[in-house]
Number of protein chains: 2
Amino acid sequence: MREFVKVNEAIEDYLKTIYNIQDEHGKVSTTMLAKQMNIAPSSATGMIKKLARLNLVTYEPYRGIQLTSHGRKVALEVLRHHRLIELYLVEALGMRWDEVHHEAEKLEHVISKSLIERIDSYLGHPAVDPHGAPIPDRHGKVESTPGVKLADLKSGQCGVVSEVNDRDSEMLRYLAELGIFPNARIKVLNIAPFQGPMSISIEGEERLIWIELAKSIFVKLLPENTEGCRDNQQKNKNVSDNL
Amino acid sequence: MREFVKVNEAIEDYLKTIYNIQDEHGKVSTTMLAKQMNIAPSSATGMIKKLARLNLVTYEPYRGIQLTSHGRKVALEVLRHHRLIELYLVEALGMRWDEVHHEAEKLEHVISKSLIERIDSYLGHPAVDPHGAPIPDRHGKVESTPGVKLADLKSGQCGVVSEVNDRDSEMLRYLAELGIFPNARIKVLNIAPFQGPMSISIEGEERLIWIELAKSIFVKLLPENTEGCRDNQQKNKNVSDNL
DNA sequence: TCTCATTTTTAGGTGCACCTAAATCCAGTT
DNA sequence: AACTGGATTTAGGTGCACCTAAAAATGAGA
């Protein structure tokens, strides 16, 4: 309720992670939280009780966790920091998109309001980070247009990559090799049965990708037989420069 | 001795502070350390014992503290981070010179090697930070040409500002108002007795400054009656833009 | 409705960096 | 050589975020 709860780094990480899990799975359990944060489940329980005391989450034992509006606001602030920093490091300092997540995880907690606003201005108040994730604005508003998993597309469908998971840097390097970035055009050519690989065309280049990988890639579906669905050659400029 | 001591944020702050005190006072006592870090003297004693165990300092109870070569190396790394960050924030993001110390105090501990090297390259491997403090190079080498305190100059002497204390941001705003930056030319006109104010000319403008303040300003002495000692009008460009 | 594997919480404990209060050391008078 | 005030260390304690092990609740299938 009151604005003036003292939020430290640990709390910020919990709230951010709760937000992300809520975003992806709907419900948030202490076990999922613990797994995501690499801590023991009992540690999560303890901390959640504290967050509940601070009015940052509501918590019903055995039933799950939900962010309060205040908790959500803090989570979105951290996310804003994270994503602006990621983009800044790519745009202003030429870091690779697979390096920036790790760096942002640390910087997001210590950067001042004043500095983050300068970065936001420098970047021209961008809407998405280098992995396609939407950047909350100063007031905690997010454009969340999630898209669908590439893995859920059928043969012949096409789309534009909207977002990829930023947590696994090895995966990001591999995606870069394949030419998979936000805004890349993809067409599903063929799907092998039994969790086999998917054959797709990326900006006109034919590739095979493992179905598990395709679950980490989100696309905006294009109507079949639009012109976009016939192997448009235009490459995404901004991001592919930073391999 | 071994390289692989796990150095955390607290340890980095201790080593940095010990370095700074050693630089300024020669000897380092637990009490001075505690005062500088705003902690209880007993806390400093405890931590110093730990640092000694880790071979980062040598410590003789009641006699003082000294950095080992390894401790010194860590301190200089942190200092390098601090000063590069300060300069970067001024140069690349237009922050004021009185804001950047506070920001750098937090960023210095979490920034990666890779990012700091990018920043160093971006800045062209600069020699000094916005307050004139020398930036250690990647291998821990520092150019320390300290200069003398403005407060120690006599009437008629002149010099070029080499460094000012970066810790007090209110003071920095005041110095900016007076036109006192690194590279500003100063001539001492008159010194009032009994710790009174000093009358000086800064880039040709006559000002009064309190003697205590003059102890935080370091200058490189110019021979009297050089041309530089006759109120050269040229202003320092880079820094005075960021008031 | 009962059973039982899984999830979740409770109980008790750790290391860390800090604290206050009390004891001890040290150096400069007398 | 004893005194004494300031510097320094020791002793004992705190909150925090984590841990392991054990107990308890849940809910899905028999």
Side-chain angles (χ1 to χ4, degrees), chain A residues 4-18 21-22 24-67 71 74-75 78 105-106 108-110, chain B residues 4-18 21-22 24-67 71 74-75 78 105-106 108-110:
Chain A
F4 306 104
V5 182
K6 195 178 59 183
V7 174
N8 62 19
E9 195 158 324
I11 292 178
E12 287 184 353
D13 271 333
Y14 272 88
L15 295 174
K16 181 183 66 170
T17 308
I18 293 167
I21 294 173
Q22 199 161 59
E24 197 170 341
H25 295 82
K27 282 279 164 218
V28 185
S29 70
T30 48
T31 310
M32 284 159 75
L33 187 54
K35 200 161 291 171
Q36 187 99 145
M37 299 188 73
N38 273 306
I39 57 175
S42 59
S43 304
T45 302
M47 190 61 161
I48 288 303
K49 283 178 171 178
K50 177 180 176 172
L51 297 184
R53 255 187 294 125
L54 296 174
N55 276 305
L56 293 166
V57 302
T58 56
Y59 168 54
E60 257 200 281
Y62 297 102
R63 305 246 148 251
I65 305 150
Q66 271 193 298
L67 292 173
V74 174
V78 179
E105 284 283 320
K106 299 173 297 173
E108 65 188 8
H109 301 294
V110 299
Chain B
F4 306 104
V5 182
K6 195 177 59 185
V7 175
N8 62 20
E9 193 158 325
I11 292 178
E12 286 183 354
D13 271 333
Y14 273 88
L15 293 175
K16 181 184 63 169
T17 308
I18 292 167
I21 294 174
Q22 199 161 58
E24 197 169 341
H25 295 83
K27 283 279 165 216
V28 185
S29 70
T30 48
T31 309
M32 284 160 75
L33 187 53
K35 201 161 288 172
Q36 187 100 142
M37 300 187 73
N38 272 306
I39 57 176
S42 59
S43 305
T45 302
M47 190 61 160
I48 288 304
K49 283 178 171 177
K50 177 180 177 171
L51 298 183
R53 255 187 294 125
L54 296 174
N55 276 305
L56 293 164
V57 302
T58 56
Y59 168 54
E60 256 200 282
Y62 298 101
R63 306 245 148 251
I65 305 149
Q66 272 193 296
L67 292 173
V74 174
V78 179
E105 284 283 319
K106 298 173 297 172
E108 66 188 10
H109 302 294
V110 298

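Reminder, nothing fancy here: chain letters follow the sequence lines and each chain counts from 1.
Of all the heavy atoms in A:L33 and A:T17, the pair that sits closest is CD1-CG2, 3.7 Å. Between B:K106 and A:V110, the shortest heavy-atom contact is NZ-O, 2.8 Å. A pairwise comparison of heavy atoms in B:A52 and B:Y59 identifies CB-CB, 4.1 Å as the closest pair. Heavy atoms only, all atoms of each residue included: B:H109 and B:E105 are closest at CD2-O, 3.1 Å. Pairing each heavy atom of B:N8 with each of B:I11, the nearest pair is OD1-N, 2.9 Å. Of all heavy-atom pairs spanning B:G71 and B:L15, the tightest one is O-CD1, 4.1 Å.
Taking atom CD1 of residue A:I48 and atom P of nucleotide C:dT9, one finds them 9 Å apart after rounding to whole Å. Whole-Å rounding puts the B:L51 CG to D:dT9 C1' distance at 16 Å. Atom pair A:I65:CD1 and C:dT9:C1' shows a separation of 12 Å (rounding to whole Å applied). Remark: P of C:dG15 and CD of B:E9 are 22 Å apart, rounded to the nearest angstrom. When rounded to the nearest whole Å, the span between CG of A:L33 and C1' of C:dT9 equals 14 Å. Nucleotide C:dA17 holds its C1' atom 12 Å from the CG atom of B:D13, rounded to whole Å.
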For nucleotides 18-21 of chain C, tabulate all protein N/O to nucleotide N/O atom pairs closer than 3.5 Å, reporting atom names and distance.
| from | atom 1 | to | atom 2 | distance (Å) |
| --- | --- | --- | --- | --- |
| C:dC18 | OP2 | B:Y14 | OH | 2.9 |
| C:dC19 | OP1 | B:A40 | N | 3.3 |
| C:dC19 | OP2 | B:A40 | N | 2.7 |
| C:dC19 | OP2 | B:S43 | OG | 2.4 |
| C:dT20 | O4 | B:S42 | OG | 2.7 |

Between N or O atoms, less than 3.5 Å apart, protein on one side and nucleotides 4-7 of chain C on the other: list the pairs.
none

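At C:dT10, one or more side-chain N or O atoms of A:K49 fall inside 4.0 Å of OP1 or OP2 (strictly under the cut-off). Considering only side-chain N and O atoms, A:R63 lies nowhere under 4.0 angstrom from the phosphate OP1 or OP2 of C:dT9.
The list of salt bridge (Lys or Arg N to Asp or Glu O under 4.0 Å) pairs with a residue in residues 6-15 of chain A, not counting sequence neighbours, reads A:D13-A:K16. For residues 24-34 of chain B, no residue pair satisfies the side-chain hydrogen bond (donor to acceptor under 3.5 Å, both in side chains) rule, not counting sequence neighbours.
Across its full length, the helix from C:dT1-D:dA30 to C:dT30-D:dA1 shows an angle of 20° between the axes of its 5 terminal pairs at either end, rounded to 10 degrees.
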Before giving the answer on side-chain contact (heavy atoms from CB on, under 4.5 Å), spell out for A:V5 and A:N55 the whole-Å C-alpha distance, their side-chain angles and the decisive distance to 0.1 Å. CA-CA 9 Å; A:V5 182; A:N55 276 305; 6.0 Å; no
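No more than 12 heavy atoms of other residues, nucleotides or ligands lie within 6.0 Å of CD in B:Q66, so this atom counts as exposed by the packing criterion.
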Show me the donor-acceptor pairs within less than 3.5 Å that the side chains of residues 34-47 of chain A make with the rest of the protein, sequence neighbours left out.
| from | atom 1 | to | atom 2 | distance (Å) |
| --- | --- | --- | --- | --- |
| A:Q36 | OE1 | A:R167 | NH1 | 2.9 |
| A:T45 | OG1 | A:P41 | O | 3.3 |

